[in-house]
Amino acid sequence: MQERKTAFQQIDFTLLFLLFLLMCISFLAVYSASGQYFPNDPTFFLRRQVVWYGIGVVLMVGAMSIDYDLFRNFSIPFYGLGIFLLLLVALFGIEQNGAQRWLGHPDFLLFQPSEFVKIFVVLALAHYLYHISQRPRPKTFKEDCKLVGSVLVIGLPPFVLILEQPDLGTALVVGAVILTMILMAGVTWRMIGLIVGTITVGIGFLVWLHNNFFEFFTNFINTHQLNRIYAWLDPYNYPTDIGYQLIHALQGIGAGQLYGSGFTEGVKSQSGAIPEIHTDFIFTVIAEEFGFFGATVLIVIYFLMFYRMIIIAFTCNNTFGTYLVSGTVGLLVFQVFQNIGMAVGVMPITGLALPFISYGGSALITNMIAIGIVLNVNMRTKHYMFGKGE
Amino acid sequence: MAEKKSHLPSRLNVLFFCVFLLFSILILRLGIVQIVQGEEYQEQLERTVNISAPIEAPRGIVYDRYGHPVVDNELVFTVTYTNPGHTSIAMLEVAESLAEIIDLDTSNIYEQELKDYWLMTREDEAEELVSVEEIQSEDLSNEEVHQLQLDRIHDEDLESLTEEELGIVAVWRELISGYRNLPHKVKRGIEYEDAAKIMENLDNFPGVDIIRDADRKYVYGGSLQSVFGRTGTIPREKLDYYLANGYDRTDIVGTSYLEQEYEHVLQGRDGRLENYMDRSGELLNHPDEILGRRGNDLILSVDMELQQRVEEIIKDEVDEVSNSFLGNEDAYVVMMEPHTGEVLSMAGYSSEFGAFGSAFEMGSVVKGATILAGLDTGVISPGTIIHDRPLSLPGAHIRSHEIMGQIDDLTALERSSNIYMAEIAMRLIGYTPSAGSNWGNFHEGYDTLRSYYEQFGLGVSTGIDLPNEFIGFNGGYGYPGNLMYFSFGQFDTYTPLQLVQYVSTIANGGYRIAPQIVTEIREPNNDRSELGNIISQIEPKVLNTIDVDDTYMERVQEGFRRVMNGSRGTARAYFANKPYEAAGKTGTAQVKVDGEDANNQTLVGYAPYDNPEVAFSVVVPGISRQESGVANRIGEGILDAYFELKEDGRQGPQDVGVEVVEPEESE
């Protein structure tokens, strides 16, 4: 005997409610952060953000409407399309602020293929791991190496293409997805330990090179990126724009203290001293104006969101769905951690938006599609009252 | 199946644990920043706000109606002094070295400042002023001694100060007048070489700095200078007002005319220069510049190309007869679109200021309004015949410039009859020459005529968007006989701007439109090749409409047409054979200049008659009675210029070699 709910009844309304809360916070924060740019028209960015959310909801519903099992059919063409677009960007892309990330006409339509490629990578890796999981796999080190190698073959081309734009932030997001997928792939703990070790040793090696063979070191890391690291480690004595951005952000966040200075009352946030405060540094506004209390509420909302998503991955009895959801978790968690982390100084500064909060179209839409995929998986998971009869 | 995915739950647990760990790090770090170090950051924030200095944003640019910049900004070097708490003696040393390089105006130094300087530099002589015995016997405090010394300095002592010393005082008084820790502008716009000299030796000038500053540049030299107005430091009496509106004490604001009227538009949003401190409170030596935003731009109604032509015509005509002026040579022109009030040109021989800031007896040009008053009150009707002959009334012996006999209202305008006007004035108060000195209630005559004149803008504010407009001199009720003179424009005085509003009201059929200098406000555009987005457009403003029978207004218009085209029109010699058909009215007011007889020559008009697109007034004040036609020649010249520019295509205003005018202190 079994009872099935309709797909609509299975929509995870908790997740949707958390998303709704984030949207409300986004509107407040974008309004407060951007008002200073257009004193004549303080709702300029807010109105646009509302429109972006509208587009995002439509695409999210779109991503929910097709049974995700069918996504497997698209994963390879999408992946190919993604690589093709990234190559187009590398060859014909439009350069802004020293990075070649955009396609389109400068006055007309600009979009960043790298945003959508993140989703395509999740799809491709989920598909591949699902494919592997269909057959029994011997748990040998050699097999693990083959598996990790295959994941890297899929994941590294977009990673490298995005890194070269250069867009370190988005590249690291792709990296986080790859690592999450390797964790979920079922390789042995020894293998995971090896990978973590390799990364640690690699970073240690770079530091050693930097300290002892600086000339040689600059072949790997350019000075622009190096400055970011310096500014992160010691913003007060490293007077570059980035160092000051961090100092301002820290001053603003710190001055917020426990309860914050109040909506639109943030001294630092409203001073115009922090570049990109309505996009990458929007967390500063929330933390200064709503204090530790408000910032913690935001972080808890994110945490509950990821908790819900991992529960969905748990209950999903289709391996492909589990991989899709966990890839999405990796995708979003890294963005949240990196963005808030850079504002409070635990991570170096990279240009990443705070998911669902920062002003901006491409990133918001991508993240809404990602949520749509997760909701899709949950809608179509078969929940049986008495377990599954064989 | 179960075996295949057996690893997934444990891996999901690990994933969840990682998420938990990362979020814990964030909250922990946030707690450290906001709760543990929060107060410290709060203090830092307050301290940084205290040591920020404004960077002035450039003012908006003023363009003419065809987009030629007329008031622009140019980069200049400015010497600033930031007083970190120096004593006035220490500042004197700075002033001494600075005065070797920069010169400041020494003409308005106060005596008190000279005395202070004298005491500081001549200690021995200062001590002699108050003897030691006197100090001991009177038990004087230091302040009292100082005050006594000041009182006892002789004028001869101050006169002994050399020119160089005066220069030092001029610099020193600037240094001490700054606010503490705020850069004070000592001198704007110093020469590049001087700036370089100071920059090379900054160590010798503690507290002194050279900043790049924007100063006003008047692209067409002195043209329209008194319309644009001046900028300068905030006048003391308005300091509270500006501070309350978010200005800084050191800001440069508009202090007169357009710069003042549109201060809120032209003022940019200041940037800030902020100094940051490290944890120990040390200043970092890389202050942060937050750039300001340039003020909004103004688009003027003025056509600079026409303006230049008009100025040239005035100059040529006035120079031609320069010996005929009893006072200073002068002449004024205002040209305006009669339907919109947009001022196309406003010019004067010495300055255009008089066009809205000086008033004159205008003579017969006002007769259009008198005729209309007569028609509307019913004391005459279209075609009423009046006998033009010399009239001797108690206190008024009047005649027209020629005896015209039986004439109607149209001819009265065409040939400019004074008697016709006087007859209207008499009828308004029910007077006939046979009544002798029994004038009755003649006050009513003044009131009635003024009420009509004012509907045309004569004797009232025109509503132009400039401060300090003069509305003319109202002579009150005067003697009964003066009423006759009042009816043909020889009693109250009016400005050239009021005249152009008056003739525009006739040209457009009865709408009194406020003249406007500014037509649009636009956002600043960094790309100078095109204008920024429109913020607001200033709509034509109708101040009142003259509610009379259409046929009456047409009657006045026809009379005006005959003045310039009729067989006996007073201005036909200048306008009858033009490709355009003009209408208007001449005027000659008999006045006294320094007790001698003189005329004010005037002319108002508009063209084309059927569809007026330009109205104008010309005033040539205080010229010899022997000289005639100067106003008419100027009127002909400017109207020709207007239609030439319209027909021939435009080349844009002539470059005048970018003469940079040194801003003077304005009142």
Side-chain angles (χ1 to χ4, degrees), chain A residues 39-40 133-137 180 183-187 192 236-237 239-241 244 247-248 250-258 260 267-268 271-273 287-288 291-292 295-296 299-300 302-303 306-307 310-311 313-314 317 319 322-323 326 329-330 333-334 336-337 340-341 344-346 390, chain B residues 1-16 18-46 48-49 52 269 271-272 274 276-280 282 284-288 290-293 296 523 535:
Chain A
N40 297 334
S133 68
Q134 293 310 99
R135 273 167 281 115
R137 196 170 58 85
T180 310
L183 172 70
M184 298 304 298
V187 292
I192 289 171
Y236 287 89
N237 289 327
T240 66
D241 291 346
Y244 277 99
I247 292 172
H248 289 309
L250 279 175
Q251 278 179 352
I253 294 170
Q257 299 192 41
L258 202 52
V267 174
K268 204 80 213 180
S271 72
E288 181 177 11
F292 179 74
T296 306
I299 293 175
V300 168
Y302 276 125
F303 184 73
F306 296 130
Y307 171 74
I310 288 172
I311 294 292
F314 251 116
N317 37 30
T319 320
T322 305
Y323 285 132
S326 32
V329 170
V333 166
F334 181 79
V336 172
F337 179 72
I340 298 182
V344 296
V346 297
E390 202 69 42
Chain B
M1 192 75 179
E3 275 163 355
K4 272 179 209 155
K5 56 177 292 188
S6 60
H7 69 273
L8 284 177
S10 70
R11 294 301 160 94
L12 280 170
N13 277 328
V14 172
L15 185 62
F16 183 67
C18 289
V19 173
F20 179 76
L21 201 65
L22 292 176
F23 277 60
S24 303
I25 292 173
L26 288 183
I27 292 196
L28 194 67
R29 172 68 185 158
L30 203 57
I32 293 173
V33 173
Q34 294 197 288
I35 298 172
V36 181
Q37 300 172 341
E39 275 181 42
E40 195 184 320
Y41 281 120
Q42 177 73 45
E43 276 172 28
Q44 266 189 28
L45 200 58
E46 282 161 9
T48 51
V49 170
S52 70
R269 200 182 60 204
R272 300 200 80 77
E274 292 190 345
Y276 298 101
M277 288 183 248
D278 64 12
R279 292 188 181 92
S280 61
E282 284 289 305
L284 290 175
N285 49 0
H286 286 267
D288 195 12
I290 299 154
L291 294 178
R293 179 178 172 279
N296 291 323
E523 284 176 6
I535 294 174

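Each chain gets a letter, A, B and so on, in the order its sequence line appears, and its residues count up from 1. Every value quoted in this text rests on a predicted model; they were computed, and no experiment measured them. Reckoned from all heavy atoms, side chains included, excluding hydrogens, waters and symmetry mates.
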* May I ask you to name which of G330(A), G341(A), G260(A), A287(A) has the most heavy-atom pairs under 4.5 Å with chain B? => A287(A)

* To the nearest 0.5 angstrom, please state how far the CG atom of L22(B) sits from the CZ atom of F334(A). => 9.5 Å

* To do: With the side chain counted from C-beta on, respond yes when L8(B) and Y323(A) share a heavy-atom pair under 4.5 Å apart, and no when they do not.
  => yes

* To do: Could you check which of I253(A), V333(A), L258(A) has the highest count of heavy-atom pairs closer than 4.5 Å to chain B?
  => I253(A)

* Asked: What's the verdict on side chain to side chain contact (heavy atoms under 4.5 Å, CB included) for F292(A) and V33(B), showing C-alpha distance, side-chain angles and the deciding distance?
  -> CA-CA 9 Å; F292(A) 179 74; V33(B) 173; over 6 Å; no

* Which bit of I35(B) comes within less than 4.5 Å of chain A, counting heavy atoms only: side chain, backbone, both or neither? -> side chain

* Asked: Backbone N or O of V344(A) within a donor-acceptor pair of the R29(B) side chain at under 3.5 Å?
  -> yes

* Whether Q34(B) side chain and G256(A) backbone form a donor-acceptor pair below 3.5 Å -> no

* Measuring from L26(B):CG to T296(A):OG1, what's the distance to the nearest 0.5 Å? -> 10.5 Å

* To do: Please report the shortest heavy-atom distance between Q257(A) and Q42(B), naming the atom on each side.
  => NE2-CB, 3.3 Å

* Structure fact -> Interatomic distance, CG@L183(A) vs CG@L12(B), rounded to 0.5 Å, equals 8.5 Å

* Give the ring-plane orientation class for F23(B) versus Y302(A), where under 30° counts as parallel, over 60° as perpendicular and anything between as tilted. => perpendicular

* Structure fact -> CD1 (I310(A)) and CZ (F20(B)) are apart, to the nearest 0.5 Å, by 12.0 Å

* Given that the side chain runs from C-beta out, which part of F306(A) has a heavy atom under 4.5 Å from chain B: side chain, backbone, both or neither? -> side chain

* Options I25(B), V14(B), N13(B), L15(B), ranked by heavy-atom pairs under 4.5 Å with chain A, top entry -> L15(B)

* Minimum heavy-atom distance A255(A)-Y41(B), with the two atoms named -> N-CB, 3.8 Å

* To do: Using modelled atom types only, decide if a donor and an acceptor are shared between the side chain of R11(B) and the backbone of V187(A) within a distance under 3.5 Å.
  => yes

